[in-house]
Amino acid sequence: MFFYARYPSSNTLKTYFPDVKFNRCVTSQMIKWFSNFREFFYIQMERFARQAVREALTRDGAPRLGRESQLRVGRDTELYRILNMHYNKSNVYQVPERFIEVSDVALREFHSAIWTGRDSDPCWKKGIYKIICKLDSPVPDAFRLPGCPVG
């Protein structure tokens, strides 16, 4: 479900987990799980963005041309492999293209913030979170079916 919704509401969770008996504690725990999923996602984005910034600099600190154009998330990248292994350990689900697009946006936003020094502000990630929050996609109805996986 994280491939579609990084910020699910409690109503979304209740819709897609009909077998769960929701109360305040259970709802809070599920929201916390998604928060942990997001945290892993953002940690990886920041890690890869910082690595790209380091690689983009020569020893004298002058930027190498053309490095940002190589900054992407694709099915053949290490970042994709790490995210897929974390969220899709058994590789049961087909990772939607939209998730790759969202990951690409997140990576570029982190890279831009780090490259321009905005990461020196203690609240530098908030703007990125607001952008990614708006990129959630509808969760396919097939996720409501018993014994789902969606392929």
Trainee: Testing the basics here: between Asp136 and Pro8, what is the closest heavy-atom pair and its distance to 0.1 Å?
Mentor: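 Residues Asp136 and Pro8, closest heavy atoms: OD2-N, 4.3 Å.
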
Trainee: Looking at Val92, is its backbone amide N or carbonyl O close enough to the side chain of Asn88 to form a donor-acceptor pair, meaning the two atoms are under 3.5 Å apart?
Mentor: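 Present.
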
Trainee: How long is the gap from OG1 on Thr27 to CZ on Phe17, to the nearest 0.5 Å?
Mentor: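 It comes to 11.5 Å.
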
Trainee: Between atom CD1 of Ile114 and atom CD of Glu46, what is the distance when rounded to the nearest 0.5 Å?
Mentor: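 Rounded to the nearest 0.5 Å, the CD1-CD separation comes out at 5.0 Å.
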
Trainee: Do Tyr80 and Val95 come within less than 4.5 Å of each other through their side chains, counting heavy atoms only?
Mentor: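 Counting from C-beta outward, Tyr80 and Val95 do come under 4.5 Å.
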
Trainee: As an exercise, state the distance from CG of Leu107 to CD of Gln44, rounded to the nearest 0.5 Å.
Mentor: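 Nearest 0.5 Å value for the CG-CD distance: 11.0 Å.
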
Trainee: Can you tell me how far apart OG1 (Thr12) and OH (Tyr4) are? Round to the nearest 0.5 Å.
Mentor: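 Separation between the atoms: 14.5 Å.
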
Trainee: As a quick check of understanding, evaluate side-chain contact (heavy atoms from CB on, under 4.5 Å) for Arg47 and Ile82, giving each step before the final call.
Mentor: CA-CA 12 Å; Arg47 181 177 146 230; Ile82 289 169; 3.8 Å; yes

Trainee: Taking Phe2's backbone N and O only, do any of them form a donor-acceptor pair with Tyr87's side chain (distance below 3.5 Å, no angle check)?
Mentor: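 No, because the side chain of Tyr87 does not come within donor-acceptor range (under 3.5 Å) of the backbone of Phe2.
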
Trainee: Which atom pair, heavy atoms only, marks the closest approach of Phe110 to Ala49?
Mentor: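 Scanning both residues, the minimum pair turns out to be CB-CB, 3.7 Å.
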
Trainee: Give me the atom names and distance for the closest heavy-atom approach of Pro140 to Tyr16.
Mentor: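 Heavy-atom minimum between the residues: O-CE2, 3.5 Å.
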
Trainee: Using the test side-chain contact (heavy atoms from CB on, under 4.5 Å), find all partners of Ser28 that sit at least two apart in sequence or belong to another chain.
Mentor: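 Testing Ser28 for side-chain contact (heavy atoms from CB on, under 4.5 Å), a comparison that skips the adjacent residues, returns none.
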
Trainee: Contact between Lys21 and Val26 at the side-chain level, heavy atoms closer than 4.5 Å - yes or no?
Mentor: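 Not in contact.
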
Trainee: Answer whether the closest heavy-atom distance between the side chains of Phe3 and Leu83 falls below 4.5 Å.
Mentor: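 Contact flag for Phe3/Leu83 side chains = no.
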
Trainee: Could you tell me whether the side chain of Leu79 reaches within less than 4.5 Å of the side chain of Met45, counting heavy atoms only?
Mentor: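 Yes - at least one pair of side-chain heavy atoms lies under 4.5 Å apart.
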
Trainee: Are the aromatic rings of Phe34 and Phe37 close, with centres under 6.0 Å apart?
Mentor: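 That pair passes the under 6.0 Å test.
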
Trainee: Does Arg75 come within less than 4.0 Å of Glu97, counting only side-chain N to carboxylate O?
Mentor: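 A salt bridge links Arg75 with Glu97.
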
Trainee: Please state whether the rings of Phe41 and Phe99 are parallel, tilted or perpendicular, taking 30° and 60° as the class boundaries.
Mentor: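 Phe41 and Phe99: tilted rings.
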
Trainee: Can you confirm if the aromatic rings of Tyr42 and Tyr129 lie within a centre distance of less than 6.0 Å?
Mentor: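 Yes, close enough.
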
Trainee: Looking at Ile31, is its backbone amide N or carbonyl O close enough to the side chain of Ser35 to form a donor-acceptor pair, meaning the two atoms are under 3.5 Å apart?
Mentor: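 Looks like no, no N/O pair under 3.5 Å.
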
Trainee: Using the benzene-type ring in the case of Trp, are the ring centres of Tyr93 and Phe143 under 6.0 Å apart?
Mentor: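 Yes, ring centres under 6.0 Å apart.
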
Trainee: Any sub-3.5 Å donor-acceptor pair from Arg108's side-chain atoms to Leu71's backbone N or O?
Mentor: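 Yes; judged by distance alone, with no hydrogens or angles, the pair exists.
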
Trainee: If you round to the nearest 0.5 Å, how far is CE of Met30 from CZ of Phe22?
Mentor: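 Answer for the CZ-CE pair, Phe22 versus Met30, is 4.5 Å.
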
Trainee: Provide the closest heavy-atom pair for Val105 versus Leu135 in the form atom of the first, atom of the second, distance.
Mentor: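 Scanning both residues completely, I find the closest heavy atoms to be CG1-CD1, 4.0 Å.
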
Trainee: Taking the side chain as every heavy atom from C-beta outward, state whether Arg118 and Ile128 have any pair of such atoms under 4.5 Å apart.
Mentor: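 Side-chain contact under 4.5 Å: no.
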
Trainee: How long is the span from the CG atom in Asp76 to the CZ atom in Arg81, to the nearest 0.5 Å?
Mentor: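 Answer rounded to 0.5 Å: 12.5 Å.
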
Trainee: Looking at Ile100 and Gly74, what are the two nearest heavy atoms and their distance?
Mentor: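 For Ile100 and Gly74, the tightest heavy-atom pair comes out as CG2-CA, 4.3 Å.
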
Trainee: Checking Arg38 side chain against Arg6 main chain: does a donor-acceptor pair fall under 3.5 Å?
Mentor: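 Yes.
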
